[in-house]
Q: 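Mind having a look at this structure? Questions to follow.
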Amino acid sequence: MNALAFAATSDALKEYLAEQEQKPLLRFITCGSVDDGKSTLIGRLLYDTKLIFDDQLEALERDSVRHGNAGDAIDFSLLLDGLEAEREQGITIDVAYRYFATSERRFIVADTPGHEEYTRNMATGASTADLAILLVDSRQGILQQTRRHAYIASLLGIRHIVLAVNKIDLVNYDETVFETIANDFRFFTLDFGFQTITAIPISARYGDNVTTASQNMPWYQGPSLLGHLETVPIADADLNRPFRLPVQLVIRPHLDFRGFAGQIAAGRVSVGDRIAVTKSGHTSTVRSIVTADGNLTSAAQGQAVTLVLDDEVDVSRGDLLAAAEDRPQLADQFMAHLVWFSSEPMMPGRSYVLRTEVDSVPATITALKYQVDINNFSHEASKSLHMNEIGVCNIATQSPIAFDSYKDNRTTGNFVLIDRFTNATVGAGMIDHPLRRATNIQWQALDINKEARAALKHQKPAVLWLTGYSGAGKSTIANTLEKLLHAQGKHTYVLDGDNVRHGLNRDLGFTAEDRVENIRRMAEVAKLMTQAGLIVIVSAISPFRSERLMARDLFDEGDFIEIFVDTPLSECTKRDPKGLYKKAMAGELQNFTGISSPYEEPENAEIHLRTVNHSPDELALRIAQYLAER
Amino acid sequence: MSLAHLQRLEAEAIHIFREVAATASKPVMLYSIGKDSSVLLHLARKAFFPAKLPFPLLHVDTTWKFREMIDFRDRTAKELELDLIVHINPDGVEKNIGPISHGSSFHTHMMKTVALRQALDKYGFDAAFGGARRDEEKSRAKERIFSFRNAQHSWDPKNQRPEMWKTYNTRVAPGESMRVFPLSNWTELDIWQYILKEEIPIVPLYFAATRPVIQRDGMLIMRDDERMPLADGESVEERLVRFRTLGCYPLTGAIESDAATVPDIVREMLTARTSERQGRLIDKDEAGSMEKKKREGYF
């Protein structure tokens, strides 16, 4: 690098580096179907821009002989496929990130997998990208994965697409093939909101049109891939949007300092600006913008800062500081696009943890409005989303969250859903808008409350939630318990799973989705009854931990008492009071808990009743004692 | 005007530090004394300014580090008033395990991988910051910023959590933990430029000086103390060398260089034709060895 002559002195070096630092950054991904040449393309790009170190090249040459799929030539994909399983199978499983710079720009490229199974990893790469290079094999044309990746790229807010029509050498550099694929692509992505779609015929293996114009395609007059990446205009739109600071943590080293730390998600802020605390609606003024390098007079999108405000307002992690005159949404119900990642299907009604950048709150999908068919992008009715499926749904959170719509802000409009038991990230969402019902229906404040009603009855309301297999003895215990409590002068009610299915839940069957909804309704009714001051005894199989947890979350601390009616399955099938097990085992009943549908035992039930060798009277008495000691 | 390159990397790292401090119940920062650790520490202090670091530092000492590294560590801890924990695998000490007597692979496994697991379990840390970068090695390039480890500290590369935007899933069950890499998106050159810009102190071994070295397995090894015997035909030479990475001295190759200041090093980096891992013996033991170590609980 002879440019180094410049840096003979430290000052000259610093000047050169400062200049280099100002180069704009472009984050892009390569995506498309498996074997379309994504990893090979990036390898080629790094190789042709001389960004591979000598020892890495030596290792690559060694590897190409051992694992390579390029005959005697270098297999560039091995530069990227860094996991053993990837090299063995010759596929990409997870995203690889590479960093390089040319004289014009800096680049972060994420090489994403093509297999449908690893769509979550493609989405991971796409979520932070400005541009996507979508590869298509000239011989294959547009495939289902091409459509899926184009759609996900559009959903995640990528606005610039390069359609790289690869392996053009294998179709004799045929212009018609290229044009047909490019036109097909433009046609099906008409509504995807892409600002630019640039189609380039390439051969990743031989380097045609990758960094320099190819001699083999005189008919192509456009830029090379690298030439395009260096010049495509990338607007920093977030800078001009209203100010947003998601609060990560409150920094409080001593009594005289209370600062709100976070990375500015949009816009700019200056000392003296009026800002709003979204959750409380209070406003205040920015007193100082603190960083370790000294206080700033103003700061902008992307900077990590700590704000000190003029007033003692209540702000904690999860809140959003915002421009007072242009505030974000605050709602507990909203509509969102959802990409599902988990092999466990998404269940409307089930409780998940919803995580925004800084907030975390229990949430349920209240309605799956439709699922998107990846082949023709039509809307289809569906009861749940399976792995890699995309849908639009209504979501309710337990308490309101602060957000913008995703199209206005990719940072404050996104969330992920997390399984409450495995802690796996099961889905990712992009918020469309709040639901009117959330913003317009206020809680009606009532003067007589739960405590007042309960006081009149001289009791403390509670829900006693009996869970266990069919035939475990739940209803018998519930009945005995109610008689006992009634005799003690308590005001009670038994909500029996079977009985509720004759009325309120008449429309529900026994699929996993319907079971979730069944429990949600029973829990909501039980909640109304405890509000009325009653002691509610619920008797329901309620086989899933998630739903029992969701039910628990509805109640005040200590009011929900989970009781595991523990009768071994072998004993239940022997008792079989309603003859249901016999039918289920004969295959006449679908989705029967214990036979063809799982039962997840409680892990931390308040009361664990082992029924074998104990009478219902004895067991009911134990519950009554627990209640009395509470 | 958007942020300059190093500013952007700095802000990203600060954001990551704060996410962990706000959500983990017992975080710790792995401190290996090298240039990346120096940068990591510098960023951590910025992230919580004007408050102090809300977590301790942990150094897993293999007992074979360069003496200058240990001096630097103790000086840094004292000057910055850091809460520094040093852990040495007691089983390894008892069995007198070393890279020369037991080989680099076994030594690294016992004194680094196992020792790290011991320390994390002993103190019950549920999140540990590390200075790893994705440009270091191919399997690192595949790793998330928040890298989930099961109760056995093992990494499952085929089943990583999706990591969307910078909305991190920081939830772990008791016994499980996260390794968190705030420098994931930095390159070696970024590290040096940042050290230059911020004037961050580093171990003097990075600067060229005349040092006693021997040639072994195609590498220049500095004989830092008497524990390293000379093989037949080997002799100690005084050469002008420096180190691009630091680790256990018998496993770390020096490079011939006259770069004696940070600007010299940046200049050298701008023309470098080999990667920094070239000077590391432990990565060459077997193909895919980094991924294997990580699955076993290595950082």
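Protein chains get the first letters and strands the later ones, always in sequence-line order, with residue 1 at the start of each. This one's a predicted model, so the numbers in the text were calculated from it and none came from an experiment. What you see below is based on every heavy atom in this structure, not just the backbone, and it leaves out hydrogens, waters and symmetry mates.
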Q: Carefully, step by step, assess B:Arg133 and A:Tyr99 under the rule side-chain contact (heavy atoms from CB on, under 4.5 Å).
A: CA-CA 11 Å; B:Arg133 292 176 280 113; A:Tyr99 311 86; over 6 Å; no
Q: For A:Thr291, is it the side chain, the backbone, both, or neither that has a heavy atom closer than 4.5 Å to a heavy atom of chain B?
A: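 Contact with chain B is through the backbone of A:Thr291 alone.
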Q: Who among B:Pro263, B:Pro162, B:Ala51 has the most heavy-atom pairs with chain A under 4.5 Å?
A: B:Pro162
Q: Does any heavy atom of chain B fall under 4.5 Å from the side chain of A:Ala424, the backbone, both, or neither of them?
A: backbone
Q: Is any side-chain heavy atom of B:His5 less than 4.5 Å from a side-chain heavy atom of A:Leu25?
A: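 B:His5 does not reach A:Leu25 side chain to side chain.
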Q: Between B:Asp264 and chain A, with a heavy-atom cut-off of 4.5 Å, which part of the residue counts as in contact: side chain, backbone, both or neither?
A: neither
Q: Is the closest side-chain heavy-atom distance between B:Trp165 and A:Leu156 below 4.5 Å?
A: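 Yes, their side chains come closer than 4.5 Å.
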Q: Using atom types as modelled and distance alone, determine if a side-chain donor or acceptor of A:Arg355 lies under 3.5 Å from a backbone N or O of B:Tyr168.
A: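 Yes, A:Arg355 side chain to B:Tyr168 backbone: donor-acceptor pair under 3.5 Å.
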Q: So which of B:Pro50, B:Pro54, B:Ala47, B:Ala22 has the largest heavy-atom pair count under 4.5 angstrom toward chain A?
A: B:Pro50
Q: What part of A:Val95 lies closer than 4.5 angstrom to a heavy atom of chain B: side chain, backbone, both or neither?
A: both
Q: Evaluate the side-chain proximity of B:Lys197 to A:Glu21: yes if any heavy-atom separation is below 4.5 Å, no if none is.
A: yes
Q: For chain A, which of B:Arg18, B:Gln160, B:Arg161, B:Lys166 has the most heavy-atom pairs under 4.5 Å?
A: B:Arg18
Q: What I'd like to find out is whether the side chain of A:Leu17 reaches to under 4.5 Å of the side chain of B:Leu6, using heavy atoms alone.
A: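 Answer no - side chains too far apart.
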Q: State whether a side-chain donor-acceptor pair under 3.5 Å links B:Thr23 with A:Arg317.
A: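 Side-chain D/A pair, B:Thr23 to A:Arg317: absent.
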Q: Is chain B contacted by the side chain of A:Val353, its backbone, both, or neither, given a heavy-atom distance below 4.5 Å?
A: side chain
Q: Does the side chain of B:Phe49 reach to within under 4.5 Å of the side chain of A:Val290, using non-hydrogen atoms?
A: yes
Q: Which region of A:Arg106, side chain (C-beta onward) or backbone (N, CA, C, O), has a non-hydrogen atom less than 4.5 Å from a non-hydrogen atom of chain B, or is it both or neither?
A: side chain
Q: State, to 0.1 Å, how close B:Ile14 and A:Ala304 come at their nearest heavy-atom pair, and which atoms those are.
A: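 So the two residues come closest at CG2-CB, 3.6 Å.
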Q: Please classify the contact of A:Tyr97 with chain B as side chain, backbone, both or neither, using a heavy-atom distance under 4.5 Å.
A: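 Answer is both: backbone and side chain atoms of A:Tyr97 are under 4.5 Å from chain B.
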Q: Sort A:Asp111 into side chain, backbone, both or neither according to what part of it lies under 4.5 angstrom from a heavy atom of chain B.
A: neither
Q: Can you say whether A:Phe415 sits under 4.5 Å from chain B via the side chain, the backbone, both, or neither, judging by heavy atoms?
A: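 The backbone, not the side chain.
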Q: What option among B:Val262, B:Leu189, B:Thr170 has the most heavy-atom pairs under 4.5 Å with chain A?
A: B:Thr170
Q: Mind ranking B:Lys142, B:Arg171, B:Lys52, B:Glu10 by heavy-atom pairs under 4.5 Å with chain A and telling me who comes out on top?
A: B:Lys142
Q: Considering only heavy atoms and a distance below 4.5 Å, find which of B:Arg134, B:Glu198, B:Lys46 pairs most often with chain A.
A: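 Of the candidates given, the most pairs with chain A belong to B:Arg134.
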Q: Do you know the tightest heavy-atom contact between A:Asn423 and B:Val172?
A: ND2-C, 3.5 Å
Q: Any side-chain heavy-atom pair from B:Glu19 and A:Gln248 closer than 4.5 angstrom?
A: yes
Q: Check this for me: B:Glu256, atom CD, are more than 12 non-hydrogen atoms of other residues, nucleotides or ligands nearer than 6.0 Å?
A: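 Buried by this count: over 12 neighbours within 6.0 Å.
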Q: Between A:Thr425 and chain B, which part of the residue has a heavy atom less than 4.5 Å away: side chain, backbone, both or neither?
A: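 Both parts, backbone and side chain.
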Q: Tell me, do B:Leu270 and A:Tyr16 make a side-chain contact under 4.5 Å, heavy atoms counted?
A: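 Yes, their side chains come closer than 4.5 Å.
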